[in-house]
Amino acid sequence: VHGDLIEGAATGRYKHSFESSGGRHVEKEVLLDEQDAMWVRHRHRHISDVQQQLAAAFQAFVQASKVTGLSSKGKATDVRGMAEAVRQMPQYQDQMNKFSLHMGVASKLMDAYHREGLEGVIRTEQLLATGEHADGTKVAAKDVKRDVLRHLAQPLAPATKLRLLLLFVVCQGGAREGELEELVAAAGLHHREARAVQNLALLGIDVEKEKKGLFSKSKKKKRAGSTAEDSYELSRYVPALKAIVEEEIAGKLSVADFPFAKEAPSSNAASSS
């Protein structure tokens, strides 16, 4: 779930609008934190999974509460259906409001996703990050640069443009002479944002390109167990760090490859080498 797309979700203070059991429109600030079991369960999941699982959980709740007529009519799978359900089930209002809140968050995220035209941007980001199309064919440098320029010229949020520009520079190992200026001009970024691109050099990233082409660096093979996201074309890239963290959690991370910076805890003293 991308909380930065809707106001308040990233900070944990979200303004939730809903209809009360009496049919009144209500708006109040709610906390999305560790005390909210639904938020904890779904906050790091893919939005498509969140929508499906929330709908399934709500229908299961309706059936368990022996309420008839809601799931069969399809009313309870969106925010409006939640409001109707609350009116019909006042004795379960607290739990119903929880479902209404999180279905509302998911709905707003999808609205923002479509309203801000993010599908095309994300598709291009996947091409940059992986160097290949969803079918495995190699990406042509001129095609992906054309797509980047097209997105940068659109009325997207400055943060979205900056992220795309940073990704372009990182993935191709720097920009050719005059290329960075062309991209920044197309994006219409302010000096401060353009400076952020130059500051990539402070992280050890090449900002100026040598003679290598886009995606010229060999791609590392995917580590075992790191392809779970491949079922979603627009989020198929899996960072290498994911597999490293998973191995550490499982106690299988090589101490030889990743030595401790200080004395190893006794529980990890026998880690594989």
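Counting begins at 1 with the first residue of the sequence. Computed from a prediction, not measured in an experiment: that's the story for all the values here.
- Rounded to the nearest 0.5 Å, atoms NZ (K161) and CG (L166) are 14.0 Å apart.
- Annotation: side chain of V139 is not in contact with side chain of T130 (no heavy-atom distance under 4.5 Å).
- Using a 4.5 Å cut-off on side-chain heavy atoms (C-beta onward), L162 and V197 make contact.
- The backbone N or O of T160 sits nowhere less than 3.5 Å from a side-chain atom of R163 that would complete a donor-acceptor pair.
- The two atoms that bring M103 and A55 nearest to each other are SD-N, 4.3 Å, heavy atoms only.
- Rounding to the nearest 0.5 Å gives a distance of 11.0 Å between CG of N97 and NE2 of H102.
- Just one residue in the list Q126, E119, E125 forms a side chain to side chain donor-acceptor pair (under 3.5 Å) with R123, and that residue is E119.
- For the pair L149 and A186, the tightest heavy-atom approach, listed with the atom from each and the gap, is CD2-CB, 3.9 Å.
- Checking side-chain atoms of H190 against main-chain N and O of R192 turns up no donor-acceptor pair under 3.5 Å.
- Between R176 and K145 the shortest side-chain heavy-atom distance does not fall below 4.5 Å.
- To the nearest 0.5 Å, the span separating CZ on R195 from CG on L189 amounts to 14.5 Å.
- Of all heavy-atom pairs between V121 and H151, the closest is N-CE1, 3.7 Å.
- Atoms CZ and CG, from F61 and L54 in turn, are 13.5 Å apart once rounded to the nearest 0.5 Å.
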Full working for side-chain contact (heavy atoms from CB on, under 4.5 Å) between I47 and Y232: CA-CA 11 Å; I47 186 62; Y232 295 106; over 6 Å; no
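- Among residue pairs with one or both ends in residues 32-41, those qualifying as salt bridge (charged side-chain N to carboxylate O under 4.0 Å, His left out) are E34-R43, D36-K98; sequence neighbours excluded.
- A distance of 5.0 Å separates NE2 of H16 from CG of L101, quoted to the nearest 0.5 Å.
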